[in-house]
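The structure appears right after this line, and notes come after that.
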Number of protein chains: 2
Amino acid sequence: MSLRYALIALLTGRPMTGYEVSKRFGASVGHVWHAPDSQIYPELRRLESEGLLTGEDVPWGTKARTKTRYAVTAAGEAAFREWMNSPASPHHSRDPAYLRAAYLDWADPMKARQYLLSQKQFHTERLVVLEATRAMLADRTHPVLAARLESIDEAEHERIIAFRTYAYDGMIARERADLKWVEDGLRLLAAND
Amino acid sequence: MSLRYALIALLTGRPMTGYEVSKRFGASVGHVWHAPDSQIYPELRRLESEGLLTGEDVPWGTKARTKTRYAVTAAGEAAFREWMNSPASPHHSRDPAYLRAAYLDWADPMKARQYLLSQKQFHTERLVVLEATRAMLADRTHPVLAARLESIDEAEHERIIAFRTYAYDGMIARERADLKWVEDGLRLLAAND
DNA sequence: AGAGAATACCTATGGAGATAGTTATTTTCG
DNA sequence: CGAAAATAACTATCTCCATAGGTATTCTCT
């Protein structure tokens with residue numbers, strides 16, 4: 001249910017084709033809400049059919065092929081704003097890492113160690129990406145943000161950047177907490193075996 | 001894909017009926033991997049048909065009604081152990097909270113504040129539950145854990161408890177990080193409006 | 001004893017999400 | 001200049017998950 005709002009949010013920056021959306025997505029809202037393109041293309045169509053986006057056919061290649069360029073409609077913006085104003089509902093976390101951690105006694109100690117080492121690797125890599133993106137937001141070099149700011153009054157810029165970076169601060173803090181937890185896990189394993 | 005292993009993990013403690021599973025689930029593995037009973041019952045059946053669980057029909061009530069008591073088979077334990085030994089794959093976080101946070105400039109400031117206040121409430125409540133459960137694991141009063149320990153050599157107990165509490169430590173640390181983040185959000189809102 | 005509440009057990013359905021493709025066009029480089 | 005690689009644009013399918021039910025049995029209270 002959130003994917004559609006992630007897509008609208010992305011497209012408020014500027015109109016994009018499906019492919020552009022699916023690429024940009026990975027480097028911006030995608031950090032916040034992951035989705036593969038097999039989900040993105042159909043959802044874009046659905047949003048168009050519901051009138052939240054317009055889809056303009058743009059010629060592509062030689063034959064009568066076209067690609068679709070999507071833009072947010074007034075109805076789309078309204079729906080997004082409405083979602084942003086809706087009350088919070090509790091969120092069920094569902095992270096296999098905790099499940100595996102709880103039952104690490106079932107695993108082969110070597111495999112458990114390998115597992116934690118790759119977890120550590122994943123978290124470290126993600127931290128790098130998140131911090132780099134956060135920096136690009138803060139100095140306004142992030143392309144999606146830059147496009148968005150262009151259509152907006154200068155006085156608002158600070159406020160918008162503050163919220164965008166705030167979201168990344170949360171993800172970074174979580175990532176750091178997870179990383180520390182994984183390191184504790186490695187120590188725990190070492191102490192036990 | 002993790003639900004089945006959460007169910008097997010729960011049932012290694014002792015055999016349970018579907019209803020017992022769905023109740024105990026919420027108070028143990030369910031913290032780690034949430035699932036509604038509409039998912040639990042069919043998955044139990046599937047696991048039975050795959051031979052990872054046995055389902056014994058137990059009479060219930062007057063007429064020829066029965067309920068099913070499930071127990072883990074050797075194949076089930078093997079499958080669980082195999083899963084525990086499989087390599088890690090990166091996990092895509094998908095938390096609507098970050099999406100909303102990033103675009104808080106679209107929300108009505110009052111609504112945004114209300115939203116963050118309920119988020120704070122959710123995190124606080126969950127923290128209480130997690131810490132209480134962690135304590136029950138540490139002092140061995142947690143019923144699912146206690147049942148599991150009974151069938152296991154005393155020398156292993158410490159190690160098992162260490163991993164179970166370790167998982168909760170991770171969830172608690174994440175919850176604390178999130179809570180702090182929400183509080184930062186409230187301050188950010190207050191500063192901006 | 002009978003009504004209502006709580007417990008026990010389970011199903012139907014639709015949408016969200018993961019995995020794994022396909023086809024066409026443009027760029028690169030030996 | 002032709003083959004291989006990269007880019008662009010999508011689709012099909014199957015499983016997972018959420019929402020929202022349903023019915024039978026036992027407990028509780030007046």
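Order of the sequence lines sets the chain letters (A, B, ...), proteins ahead of strands, with each chain counted from 1.
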Point-to-point distance, once rounded to the nearest 0.5 Å, from [atom1] of [X] to [atom2] of [Y]:
X	Y	atom1	atom2	answer
L104(A)	L99(A)	CG	CG	11.0 Å
K23(A)	T17(A)	NZ	OG1	11.0 Å
I152(B)	R159(B)	CD1	CZ	10.5 Å
K67(A)	R69(A)	NZ	CZ	6.0 Å

Going by the rule ring pair (Phe, Tyr, Trp, His ring centres under 6.0 Å), which residues pair with [X] if we only count those two or more places apart in sequence or in a different chain?
X	result
F122(B)	none
H34(A)	H92(B)
W106(B)	F80(A)

Set of side chain to side chain donor-acceptor pair (under 3.5 Å) partners for E131(B), sequence neighbours left out: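 For E131(B) the side chain to side chain donor-acceptor pair (under 3.5 Å) partners, ignoring immediate neighbours, are R176(B).
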Residue list, side chain to side chain donor-acceptor pair (under 3.5 Å) with H142(A), at least two apart or on another chain: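 Expected list: none.
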dA8(D) phosphate, OP1 or OP2, under 4.0 Å from K67(A) side-chain N/O: no
Pairs flagged by side chain to side chain donor-acceptor pair (under 3.5 Å) wherever residues 164-174 of chain A is involved - sequence neighbours left out: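 Sorted result for residues 164-174 of chain A: H31(A)-Y168(A), R134(A)-D169(A), R164(A)-D105(B), R174(A)-D95(B), R174(A)-Y98(B), R174(A)-D178(B).
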Rounded interatomic separation in angstrom, taking CG from L7(A) and P from dA16(C):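 Distance, rounded to whole Å: 12 Å.
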For atom NE2 of H34(B) and atom P of dC16(D), their distance in whole Å: 16 Å
Shared-cluster residues of V129(B), by chain and number - hydrophobic side chains joined below 4.5 Å: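 Traced through the cluster, V129(B) reaches no other member.
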ILVMFWY cluster membership beyond Y41(A) - transitive side-chain contacts under 4.5 angstrom: Y19(A)
Those residues of residues 37-50 of chain A lying under 4.0 Å from DNA chain C by at least one heavy atom: S38(A), Q39(A), R46(A)
Residues in contact with DNA chain D, drawn from residues 11-31 of chain A - heavy-atom cutoff 4.0 Å: T17(A), Y19(A)
Within residues 77-94 of chain B: residues closer than 4.0 Å to DNA chain D (heavy atoms): none
Working for salt bridge (charged side-chain N to carboxylate O under 4.0 Å, His left out), residues R45(A) and E48(A): CA-CA 5 Å; R45(A) 275 186 199 289; E48(A) 187 194 354; 5.3 Å; no
Five-pair end axes of the helix from dA1(C)-dT30(D) to dG30(C)-dC1(D), angle between them (10°):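 Here the local axes at opposite ends form an angle of 20°.
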